[in-house]
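Source: prediction; values computed, not measured. One-based numbering, in listed order, for ligands and for the atoms of each.
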Amino acid sequence: MKIRFPRLLLTLTVFCILNSQSFAFEKDPAIVEKVEALLTQMTLEEKVGQVSQIAKDVLEQGRGRFDENNMKRVIVEYAIGSILSGGGGYPAPNSPQEWAKMTNTFQKYTEQTRLQIPLMYGVDAVHGHTTVKGAVVFPYDINIAASFNPELAEKSAELTSDTLAATGIQWNFAPVLDIARNPKWGRTYETFGEDPYLASIMGARMIQGYQKSGKVAACAKHFVGYGAAESGLDRQPADISERTFREVLFPPFKAAVDAGVRTFMINSGEVNGVPAHASKWLLTDILRKEFGFNGFVISDWEDPKKIFAYHKAAPDLKQAIARTFNAGLDMSMIPMTLEEIELLKEAVNEGLVPMERLDDAVRNILYVKYELGLFENRYVDDTQAEAAFTKPEQTEIARMLARQSITLLKNASNTLPISKVVKRILVAGSGADSKSDLCGGWTIDWQGAKEEDLILGHTMLAAIKEKIGATAQVDFLPEQAGRDQLVEAGNAADVILAVVGEKAYAETPGDRQDLSLTPEQNAMLDALQSTGKPVALVVVSGRPLLIDAAVQTAKAALYAYLPGTEGGAAIADVLFGDYNPAGRLPFSIPKHLGQLPLRYNDRINATYEPLFRFGYGLSYTKFKYANLQAPKTVKQGEPLTVSVDVTNAGNVAGDDVVLAYYTNKYASVTPRRQQLCGFQRVSLQPGETKTVTFTVTPEQLIVYGETLQPVEELRPILLQIGQLNAKLDIVAANE
Ligand code: BGC
Ligand code: BGC
């Protein structure tokens, strides 16, 4: 017998997996009443203004020179609903106080409008409030995924949110919940990697962190399929089966709804021939009706226009705009022109967009504005802004997350940690002398920060010097130094640190058709290798690079991803044994380009021979797993509880990330090779044993059958934790 899960039941229970408390977004009737009262007073002009978002650039005459006429025109005449700073959209000077003054100035103009509706101001604070100079740059989401530590994820989001609120910003275009389907994509580092369960847990926790104070709305983006273009590239066509949507791409977004996220942003790309922004199926049927989303939906940058101008899926701009609002869009990130506001007005007048649809969009936006407390107070105290950016806790959490994310991939003959009494070390590779490389894109500027603009933190080189510089000679050479110099310095050193990876990038400019190290980096590695000295490799990149040859010849290898301003210090902590690494790969690292796309959870009959698999990561100690306790059967509809004893069998303290997977021995559809179904990060002293318990919910055991109905099919499954496994049967509830 099969039990079918009605979608609603599924909704409720998936929610319980992710939250012990309720975070669901339930509307308050008192606010709904206020919204309705305000809506009835609004003219058509005020409504189309409310559903429009303009970039702050449109109000300026050159950076930071806010023009009185432009502000009057946009904020007062057009009664605009929202303003944003895109990547690099900082005022001048770029200080927290100036940001607060800027948002206060804009809000001041709203008082001159007829209904005095406050603005929502949005930014991309995707790894801290990092468009602001002097902000702590937190490790990127790819690091957060590698840390397997949801508590720290939530805490980092909460701290980011404090700085947003202090600068008068109520809206964060984060987290990115796209699944990284192909590392050629220039936004891989903004994601939580390739696994939907990990992304669901982390995304939900970050949303809770961002929204905790009630002063900031988070934004689940980019719904949906953005990271899944066939070519692997940004804003390229994607061909996605409904099965892949349901099994892989929807879950993090569904988890976001259940975590109470207030806003959604739509995928700029096109899916199965339909631009996502024009898809009523995605925006209304799935998001609203199936997921039960209650908040409001914003477009991505210029995307209503792109339906016409890029995707060619509308005869003209007006019809493109009409199409996206009719599909279910609530606010358009226009954001560089006022023309589209006029066109939307015309579209409503001509009956292309029903007034009820526009009213609904306005309602959804106003509700969130009321809830954020903007109608009571739309201003911040600019004199307090600076102080919000200098809380020691920000640096501490950033450092902890960076340390916890760093992943040890190889450590032959215990090359690491390096002894602090080492006499001479060569640090090679320009990445060692860069903070910008550690921070990646969306740091001050869209494509990444200039070195001199990063005030906080350390480069790797500076952190190493700080740690051992008093007693050891620390030499540095960039890869451009050339072979002779590298060989000479390498010969003189006791140990060599080779830093490779990528420079900062964002979005489409970050797409790559090849993921090799640069020719200079390869030449550097070759030169260093020829010395016969032990080489430890550090990779600074937010996506898997082709490091097979580099890892073969190195004695040790670390993946640091994009660990932010505390990353240099965190890497030094790991290199010299002040922190025992426990990060785990949130993506598969391929041996060569031809293997792409490569994911651990593809179907069981797909070849999976990565260089390093998803979830891989070593430690300076050894962990042993024993006593896997699992029942022989689990009844349909009931949770499955399993436990395992983890022992630190080495002689240094450390964390272990225990990963639980399952696979269907068979099912009505070909099983995935493995599915992560639980993880826990535990700290263990030498000799210490802890029992780790996982509860797998019935919803996690669902199979989307041949007709895509979610069914907990009766079948044998194999549970795997480390080398241990247990076979159990899912049996009928009445058995
Ligand atoms: C990006 C979004 C971002 C927006 C605003 C777009 O180009 O795709 O992720 O939120 O710009 O900066
Ligand atoms: C980005 C914005 C950025 C702009 C720069 C857009 O695609 O999303 O954040 O400011 O390009 O031109």
Show the atoms of ligand 1 that are less than 4.0 angstrom away from any heavy atom in R235.
1 (C), 6 (C), 7 (O), 8 (O)
Those atoms of ligand 1 less than 4.0 Å from some heavy atom in K221
2 (C), 3 (C), 9 (O), 10 (O)
Atom indices of ligand 1 within 4.0 angstrom of D300 heavy atoms, with elements
1 (C), 2 (C), 3 (C), 4 (C), 6 (C), 7 (O), 8 (O), 11 (O)
How long is the straight-line distance from SG of C439 back to CG of L454, given to the nearest 0.5 Å?
5.0 Å
With atoms numbered from 1 as shown, which atoms in ligand 1 lie under 4.0 angstrom from a non-hydrogen atom of L84?
5 (C)
With atoms numbered from 1 as shown, which atoms in ligand 1 lie under 4.0 angstrom from a non-hydrogen atom of W442?
12 (O)
Using a 4.0 Å cutoff against the non-hydrogen atoms of M265, which atoms of ligand 1 qualify?
2 (C), 10 (O)
For the residue pair R63 and Y90, would you count it as a cation-pi contact if the rule is NZ or CZ under 6.0 angstrom from the ring centre and within 45 degrees of the ring axis?
yes
Would you say S85 and ligand 1 have an N/O pair spaced under 3.5 Å apart?
no
Quick one: look at E190 and ligand 1, take heavy-atom pairs under 4.0 Å, and tell me if it's side chain, backbone, both or neither.
neither
Within a radius of less than 6.0 Å around NZ of K305, do more than 12 heavy atoms belonging to other residues, nucleotides or ligands occur?
no
Got a sec: does the NZ of K215 have more than 12 other heavy atoms crowding it under 6.0 Å?
no
Heavy-atom contacts with G86 under 4.0 Å: which atoms of ligand 1 show up? List them by number with element.
12 (O)
Measuring centre to centre across the rings, with the benzene-like ring taken for any Trp, is W442 within less than 6.0 Å of Y140?
no
For H222, the ligand 1 atoms with a heavy-atom partner under 4.0 Å come out as 2 (C), 8 (O), 9 (O)
Paired with F291, the ring-ring contact (aromatic ring centres under 6.0 Å, His included) test is passed by just one of F253, F25, F250, namely F250
In a table with atom names and distances, give each donor-acceptor pair under 3.5 Å that connects a side chain of residues 77-84 to protein atoms at least two apart or in another chain.
residue: Y78; atom: OH; partner: E342; partner atom: OE2; Å: 2.7
residue: S82; atom: OG; partner: Q53; partner atom: NE2; Å: 3.0
residue: S82; atom: OG; partner: M120; partner atom: O; Å: 2.7

Polar contacts were defined as any N/O atom of the residue lying under 3.5 Å from an N/O atom of the ligand; does this apply to R187 and ligand 1?
yes
Quick check, are the ring centers of Y505 and Y189 under 6.0 angstrom apart?
yes
